[in-house]
Amino acid sequence: MMEEKKKSNSKIIVIALAVLLLVALGYTFYNNTEHKKLTDAIEEEKLEIEGNLDNMIIKYEEAIGQNTSMTNELSLERDRIISLRDSIKDLKGTNYSLIRRFRNEISKLEEKNRELFSLNERLTSDNMLLTTNLDSARVNISRQIAANDTLSIKNLNLSEKVAIGSVLKLSSAKVLAMREKTNGKLVETSRARNADAFRINFTIAKNEISEQGERQVYIQIVDSKGNTVASKGELTLNDVQINYSDQTIVNYLNEAVDIISLVEVNRDSMDSGLYKVNIYIEDKFVGATQITLK
């Protein structure tokens with residue numbers, strides 16, 4: 001009887017242990033299942049956070065590319081987000097509280113992002129308006145420069161025309177060979193061996209735009225051999241030295257001026273042929289006349 005009772009107790013213990021084992025196995029399976037669900041949820045949220053951060057980085061890159069005055073600040077914020085994303089990628093285990101802390105940090109970042117992007121958009125808009133106004137100003141400046149250049153060219157052409165128009169010219173010129181009689185009177189002659197002087201008559205024409213004042217007038221008489229007759233000095237004309245036969249000063253007042261020059265010569269040195277008279281005012285050739293002596 002005692003043996004049967006012992007056997008019955010043993011069976012009860014075995015059954016109880018089996019039940020406990022089943023309960024333990026069930027509890028362990030349940031815990032493992034719940035742990036996997038939690039791990040999967042955390043991993044999914046981790047990937048979602050990484051995706052959000054990647055999108056933020058792209059937006060920052062686009063904003064930085066607009067090259068506004070906020071570029072430096074945007075670059076610093078982008079680098080901070082990149083660092084945060086890398087930290088989440090490197091996160092190991094199932095630290096749900098750390099994931100929630102990251103989620104809160106991202107919420108703050110998103111709010112700051114909205115402020116920065118809004119300000120950057122206003123700056124970009126202002127820059128576009130400024131660029132448009134600057135382009136318009138450049139067009140106006142270019143037009144003004146072109147107008148000024150055109151005006152300068154016109155003024156230059158006008159100045160050149162005035163300079164050309166202000167040059168004095170001769171309206172008439174005549175030369176005579178003169179012979180001195182015994183009584184000292186000069187009479188015209190056509191023979192070189194009888195010539196004691198050349199009488200040159202010429203008129204400086206009226207010019208209303210020429211500058212008034214004293215003008216140096218030079219007369220050069222050249223014989224048929226190219227020699228200057230009765231040379232009295234030198235005149236520099238275009239870097240060339242020219243001998244002149246006579247020189248006088250005229251006070252020009254924009255009216256026609258008649259000038260008579262008498263150049264004495266040595267008749268013994270005179271040869272027959274063509275004699276040319278060149279007339280210069282200051283350093284410009286203004287006219288000529290000639291005579292042929294026998």
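All values below come from the heavy atoms of this structure, side chains included, with hydrogens, waters and symmetry mates left out. For clarity, every value in this text was computed on a predicted model and none was experimentally measured.
- Around NZ of Lys232, the count of heavy atoms belonging to other residues, nucleotides or ligands within 6.0 Å exceeds 12.
- Within the model, atoms CG of Leu274 and CG of Asp223 stand 9.5 Å from one another, a figure rounded to the nearest 0.5 Å.
- Using modelled atom types, no side-chain atom of Gln216 and backbone atom of Ile249 make a donor-acceptor pair closer than 3.5 Å.
- The CD atom of Glu208 sits 4.5 Å away from the NZ atom of Lys206 when rounded to the nearest 0.5 Å.
- For the pair Thr228 and Tyr244, the minimum side-chain heavy-atom distance is 4.5 Å or more.
- Side-chain atoms of Asp196 come within 3.5 Å of backbone atoms of Glu180 as a donor-acceptor pair (strictly under, hydrogens ignored).
- One hydrophobic cluster, built from ILVMFWY side chains closer than 4.5 Å, cannot hold both Ile219 and Met178; they sit in different ones.
- Summarising the geometry of Lys181 relative to Val187, their closest heavy-atom pair is CD-CG1, 3.6 Å, with the distance given to 0.1 Å.
- Ring geometry for Phe198 against Tyr275 counts as tilted: the plane angle lies between 30° and 60°, on a 0 to 90° scale.
- A distance of 8.0 Å separates OG1 in Thr203 from CD1 in Ile259, rounded to the nearest 0.5 Å.
- The nearest pair of heavy atoms linking Gly287 to Leu170 is CA-CD1, 3.8 Å.
- Between the side chain of Tyr252 and the main chain of Asn207, a donor-acceptor pair closer than 3.5 Å is present.
- The shortest heavy-atom contact between Ile242 and Gln220 is CG2-NE2, 3.2 Å.
- Interatomic distance, CG of Asn227 versus CG of Asn243, reported as 9.5 Å (0.5 Å rounding).
- Taking each heavy atom of Ser224 and Ser272 in turn, the nearest pair found is OG-O, 4.4 Å.
- Few gaps surround CD on Glu234; more than 12 heavy atoms of other groups in view lie less than 6.0 Å from it.
- Separation of atoms OG1 (Thr248) and CD1 (Ile260) is listed at 11.5 Å; rounding is to 0.5 Å.
- Between Val265 and Arg267, the closest side-chain pair of non-hydrogen atoms is not below 4.5 Å.
- The two residues Ala177 and Ala195 come nearest to each other via the heavy atoms CB-CB, 4.3 Å.
- Within the 4.5 Å cutoff, no side-chain heavy atoms of Val222 are placed close to those of Val229.
- Clustering ILVMFWY residues whenever any of their side-chain heavy atoms sit less than 4.5 angstrom apart, transitively, puts Leu168 in the very cluster that holds Ile200.
- Counting heavy atoms from C-beta outward, Lys225 and Asp271 have side chains that approach closer than 4.5 Å.
- With hydrogens and angles left out, the side-chain atoms of Ser210 and Arg215 include a donor and acceptor closer than 3.5 Å.
- Counted by atom type alone, Gln212 and Asn254 present one or more donor-acceptor pairs between their side chains at under 3.5 Å.
- Rounding to the nearest 0.5 Å gives a distance of 11.5 Å between CG of Leu293 and CZ of Arg193.
- Between Thr236 and Gln241 the shortest heavy-atom distance is OG1-NE2, 2.9 Å.
- The hydrophobic clustering, which links ILVMFWY residues whose side-chain heavy atoms are closer than 4.5 Å, places Val277 and Leu176 apart.
- Heavy-atom neighbours of Asp239 CG from other residues, nucleotides or ligands within 6.0 Å: at or below the threshold of 12.
- Distance alone, capped at 3.5 Å, places no donor-acceptor pair between the Gln247 side chain and the Val217 backbone.
- Aromatic pair Tyr280/Tyr218: ring centres not closer than 6.0 Å.
- In the hydrophobic cluster analysis, where Ile, Leu, Val, Met, Phe, Trp and Tyr join through side-chain heavy atoms closer than 4.5 angstrom, Ile279 is grouped together with Val257.
- Hydrophobic cluster membership differs between Leu235 and Ile221, with clusters built from Ile, Leu, Val, Met, Phe, Trp and Tyr side chains linked at under 4.5 angstrom.
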